[in-house]
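Presented below is the structure to which this report refers.
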Number of protein chains: 2
Amino acid sequence: MTVTATDRTVREPARLTACKGPVLYPRPTGRDQYTISEVAEVTGLSAHTLRWYERIGLMPHVDRTHTGQRRFSNRDLDWLDLVTKLRLTGMPVADMVRYAELVREGAHTFPERERLLTAHREDVRQRIAELQSTLQVLDYKIDIYADARRASERV
Amino acid sequence: MTVTATDRTVREPARLTACKGPVLYPRPTGRDQYTISEVAEVTGLSAHTLRWYERIGLMPHVDRTHTGQRRFSNRDLDWLDLVTKLRLTGMPVADMVRYAELVREGAHTFPERERLLTAHREDVRQRIAELQSTLQVLDYKIDIYADARRASERV
DNA sequence: CGCTTGCTTGGAGTGCACTCCAAGTCTCTA
DNA sequence: TAGAGACTTGGAGTGCACTCCAAGCAAGCG
């Protein structure tokens with residue numbers, strides 16, 4: 001049994017610009033075609049992951065050039081924005097795939113989509129509450145160590 | 001590639017009682033010896049997981065009966081309480097093992113422990129912020145579906 | 001005493017979400 | 001037009017955190 005230090009290297013998405021409404025990835029104006037590496041850059045996901053998302057049905061159909069290379073659209077970027085946000089909140093990939101299927105099926109799945117997101121919102125709220133309660137424990141513990149440190153410094 | 005529905009069956013710990021200070025698992029008074037299955041019941045962790053935690057060094061030394069069976073103490077329960085809280089906040093097991101090592105090494109590791117917990121507190125705060133920002137996106141999306149539903153109901 | 005139920009171990013297996021590989025094709029710049 | 005670097009695929013590999021298995025010992029009950 002070996003437990004090695006976790007590699008916490010997480011690709012950071014390009015910095016977001018503030019605006020009203022949901023914050024999206026910044027985009028060069030007048031463009032609607034992006035290579036996979038440009039999308040990787042802007043979303044913080046790896047090209048591998050983008051291809052994998054497509055394979056498992058988590059992406060709507062992505063355009064291709066005549067030679068088969070992917071060309072992502074602004075709409076794809078919007079979708080990835082939602083997906084990465086849901087992923088950050090710990091929604092399982094399988095649930096996101098389910099949601100993607102519903103989107104593909106059309107407007108008649110609105111009620112089901114609403115249910116899915118509402119249930120997830122409840123999850124997120126609960127997670128926030130959990131985190132906040134742990135924050136208290138952390139504060140409590142840190143105080144103990146800080147007090148000990150101050151006491152020793154006061155010698 | 002198959003993506004199956006996630007098994008979300010998560011063992012719930014026995015309900016916590018409200019009190020001032022950190023909330024701990026409820027304990028029968030005057031007892032300081034628990035079998036592994038009792039501890040599993042009270043913490044919500046499986047017996048497998050408890051043995052695994054011990055193997056990887058995430059538990060302080062656990063007492064044994066003369067025949068080798070584990071007998072957990074109230075002190076062990078306190079420790080597991082902290083561990084499960086840290087786990088809920090997504091601290092990697094490797095980091096918790098590191099913290100456990102520091103605890104075993106004695107009081108001279110206080111500063112390092114304080115650093116570790118403080119860094120983690122920062123993580124947790126950031127995660128809360130992330131979740132809250134996603135909550136807004138969720139609200140926004142849900143509103144759209146709810147509006148559509150109300151519009152169709154109003155026919 | 002036999003039976004059931006619970007505990008022990010090392011090691012193997014699982015599920016998730018990537019992550020990488022090999023070998024070939026395409027695109028861009030000089 | 002040559003060469004560097006980016007892109008393609010199916011499939012294999014990785015890391016984490018469990019989760020289970022087999023085979024055997026132990027405790028309590030009728």
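In what follows, chains carry the letters A, B, and so on, assigned in the order in which the sequence lines appear, proteins first and then strands, with residues in each chain numbered from 1.
Counting only heavy atoms from C-beta on, B:Pro92 has its side chain closest to D:dA17 among D:dA17, C:dT8, C:dT19. The side chain of B:Thr35 approaches C:dC7 more closely than any other nucleotide in the set C:dT19, C:dC7, D:dT8. Nearest to the side chain of A:Thr49, among C:dC7, C:dT19, D:dT19, sits C:dT19.
Along DNA chain D, the nucleotide nearest to B:Tyr53 and the one nearest to A:Arg64 differ in position, and the one closer to the 5' end is contacted by A:Arg64. Comparing B:Gly68 and A:Gly90 by the nucleotide of DNA chain C that holds the closest heavy atom to each, the one mapping nearer the 5' end is B:Gly68.
Computed from coordinates, the B:Arg87 CZ to D:dA17 P distance equals 10 Å when rounded to whole Å. The separation between B:Leu50 atom CG and D:dA17 atom C1' is 14 Å, rounded to whole Å. The separation between B:Glu41 atom CD and C:dC7 atom P is 12 Å, rounded to whole Å. Counting to the nearest Å, the P atom of C:dG6 and the CD atom of B:Glu38 are 12 Å from each other. Remark: P of C:dC16 and CG of A:Leu58 are 15 Å apart, rounded to the nearest angstrom. For the pair A:Trp52 CH2 and D:dG11 P, the computed distance is 17 Å after rounding to whole Å. A:Tyr34 places its OH atom 15 Å from the P atom of D:dC7, with the value rounded to the nearest Å. One atom, CD of B:Glu54, and another, P of D:dC18, lie 16 Å apart when rounded to the nearest Å.
Scanning for side-chain hydrogen bond (donor to acceptor under 3.5 Å, both in side chains) contacts around B:Thr49 gives B:Ser46, with sequence neighbours left out. Remark: B:Thr65 pairs with B:Thr67 by the side-chain hydrogen bond (donor to acceptor under 3.5 Å, both in side chains) rule, at least two apart or across chains.
Of the side-chain N and O atoms in B:Arg55, none sit less than 4.0 angstrom from OP1 or OP2 of C:dT8.
With salt bridges taken as basic N to acidic carboxylate O contacts below 4.0 Å, one links B:Arg98 and B:Glu101.
Using a 30° and 60° split on the angle between ring planes, B:Tyr99 and A:Tyr145 fall in the perpendicular class, above 60°.
Each of B:Arg51, B:Arg71, B:Glu54 was checked for a side chain to side chain contact (heavy atoms under 4.5 Å, CB included) with B:Val62, and the lone residue meeting it is B:Glu54. With respect to B:Thr89, the side chain to side chain donor-acceptor pair (under 3.5 Å) criterion is satisfied by exactly one of B:Arg121, B:Arg127, B:His120: B:His120.
Checking B:Tyr34 against B:Asp76 by side-chain atom types alone, no donor-acceptor pair falls below 3.5 Å.
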Per-nucleotide protein contact string for nucleotides 21-30 of chain C, where B marks a base within reach and S marks sugar-phosphate only (heavy atoms under 4.0 Å, - for neither): -----SS---
